[in-house]
Amino acid sequence: MFGLIGHLTSLPHAQSVAQQLGFDEYASHDLEFWCMAPPQAVDEITITSITGQVIHGQYVESCFLPEMLAQGKFKTAMRKVLNAMALVQKRGIDITALGGFSSIIFENFNLERLLNVRDITLDIRRFTTGNTHTAYILCQQVEQGAALHGIDLADATIAVVGATGDIGSAVCRWIADRLSPKELLLVARDQERLENLRQELGFGKIAITEEALPKADIIVWVASMNQGMSIDPATLRNPCLLIDGGYPKNMSGSIIGEGIHVLDGGMVEHSLDIDWKIMSFLNVPNPARQFFACFAESMLLEFEGLHCNFSWGRNYITPDKMEQIGALSRKHGFRPLLTQAATAEV
Amino acid sequence: MNIPETAIDYTSASYRDAFSRINAIVVEGEREACANYLSIATMLPDHAENLKKLSAMESRHLKGFQSCARNLAVIPDDAFARAYFGDLDNNFQKAAAAGDIVTCMVIQALIIECFAIAAYNIYIPVADPFAKKITEGVIKDEYLHLNFGQQWLKEHFEEVRERIMQANAENLPIVWRMLQVVEADTVPLRMDKEAIVEDFLIAYGEALSDIGFSTRDVMRMSARGLAAAPH
């Protein structure tokens, strides 16, 4: 059994989903109520691999909302993640992906020191951030998206914004190791981490956003929100492949211009329909097949009986591990989402 | 990112003042639990022996928590605590007089036990070392008590389902009001009210779900109680 821990993108989104699901009591309440609401296992999932193997999973809504971070309710955010993890462990779920902000909160607030939750001790081997698969899919979107839009990788400049994060650094490693573009621009806030990354890669150039974006044929945006994004489409190249791997995804509505191709980064498409309800609330054209690669990682690990924290901690993702999860991804029928992102309503 | 916090001064006047009420509530809760399990024992003779054991455990908890007050040289505000439990206790006594075992079980073995579990879980990380040790010992027992009520209601689920829902609707709002009354006192103790409610809903939801209610029922039952709470 695999698990997915997810959350909704805003209070209005959460209220509308609660209403659509028929949970009127949740729909009518404000943020204070969501701060007290316990995690809920709200969906059962069945997914079939193209090999014919069938597995089952559960979706746990943590009741975390990004407004909690925006309002400085850090303890609440931490509690939401820990309580959701405790719930999946109590339900005996073997491997669970921490979706959306869940893994970021776990990492940034050092939740590793708070593993005793009530009467259970969290076993972190049962959880994965899913970041290795997300990074692999982002890199496939770079490679396949470039080919699709007539961008020659050998002659391309790629900018990675959020380069020093867990996913960003993995993408940079893959690009440096496997793609050898003309130029790799590394953009992030922390200069020391950036310098360390550049030294590790032995490739690439540190740049600031304003300088990097106009030069880039391909932009991989993996910075999470609150990182002050403002992109003027007029300054971008034509063609420009913009892979929006940030969270929440909000670029497709705002960055429109000739030759600008926006992809929902880190999203996969499965070859077969998945039996689930919760994903219909995602803003994708085909929610029966399209969803987050991090969630898919827990499915891949379940298909293979690899009940371990395949992706964990910060900056441990190697190209070899990406290749390993990529092989499983292809084996079971997942592929990177390459269709132009829908206009988001975040 | 770590969130720095100053150490708690367990000897400060504000801490001890708040503790005089919170500790009294805990002691009164254990005292009533001790009596309530004996009442339920008279209604369920087949389980009387087990219920008497649970009652005796509550009596031990009571003494443990009294020692926590002595340790901080605090005099518990017993009158406040008795009034605090008044509404819930009245409902229990009325149900007991009417032989309504289901309502007695919901009040004592579900609601009060889950409330105690939640409050103790949130208290343990911020308790003084003496009280921490006592509370850690107590909470293990409380899970057993919750389990007793849970098991009994589960075994009779089909015939008691409606009665549980009614008892929930009548009594859960009282719990939210009780929490409201002590909100100010939880601040010097560094007990987060929001966390207590969430912990309660987790324990209560798990119990209701094990008893046989669907996720939808559980969400509705617990949220309805919350919606009735004054803000």
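Protein chains get the first letters and strands the later ones, always in sequence-line order, with residue 1 at the start of each. Every heavy atom of this structure was used, including side-chain atoms; hydrogens, water molecules and symmetry mates were not.
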Worksheet item: CD of Glu198(B) to SG of Cys35(A): how many Å apart, nearest 0.5 Å?
Response: 9.0 Å

Discussion item. I'd like to check Glu32(A) versus Glu194(B) (side-chain heavy atoms, cut-off strictly below 4.5 Å). Are they in contact?
Written reply: no

Discussion item. Testing the 3.5 Å rule here: is there a donor-acceptor pair between the side chains of Thr215(B) and Gln40(A)?
Written reply: no

Discussion item. Any non-hydrogen side-chain atom of Tyr143(B) less than 4.5 Å from a side-chain atom of Arg118(A)?
Written reply: yes

Worksheet item: Side chain, backbone, both or neither: which part of Ala118(B) has a non-hydrogen atom closer than 4.5 Å to chain A?
Response: neither

Response to the item:
Sorted by chain and residue number, the side chain to side chain contact (heavy atoms under 4.5 Å, CB included) partners of Arg126(A) (sequence neighbours excluded) come out as Gln89(A), Asp123(A)

Item to complete: To the nearest 0.5 Å, tell me how far Ile124(B) CD1 sits from Asn116(A) CG.
Response: 11.0 Å

Worksheet item: Would you say Arg125(A) has more than 12 foreign heavy atoms packed within less than 6.0 Å of its CZ?
Response: no

Worksheet item: Does Arg79(A) pair with Asp199(B) as a salt bridge, N-O distance under 4.0 Å?
Response: no

Practice prompt. Inspect the surroundings of CD in Glu155(B) and state if more than 12 heavy atoms from other residues, nucleotides or ligands are less than 6.0 Å away.
Written response: yes

Worksheet entry | Residues in salt bridge (Lys or Arg N to Asp or Glu O under 4.0 Å) contact with Arg216(B), at least two apart in sequence or another chain | none

Fill in: Selection from Asn83(A), Asp24(A), Val42(A) maximising heavy-atom pairs under 4.5 Å formed with chain B
Asn83(A)

Discussion item. Taking side chain as everything from C-beta outward and backbone as N, CA, C, O, which of these in Ala86(A) sits under 4.5 Å from a heavy atom of chain B? Side chain, backbone, both or neither.
Written reply: neither

Item to complete: Using a cut-off of 6.0 Å, state whether more than 12 heavy atoms not belonging to Glu44(A) lie near its atom CD.
Response: no

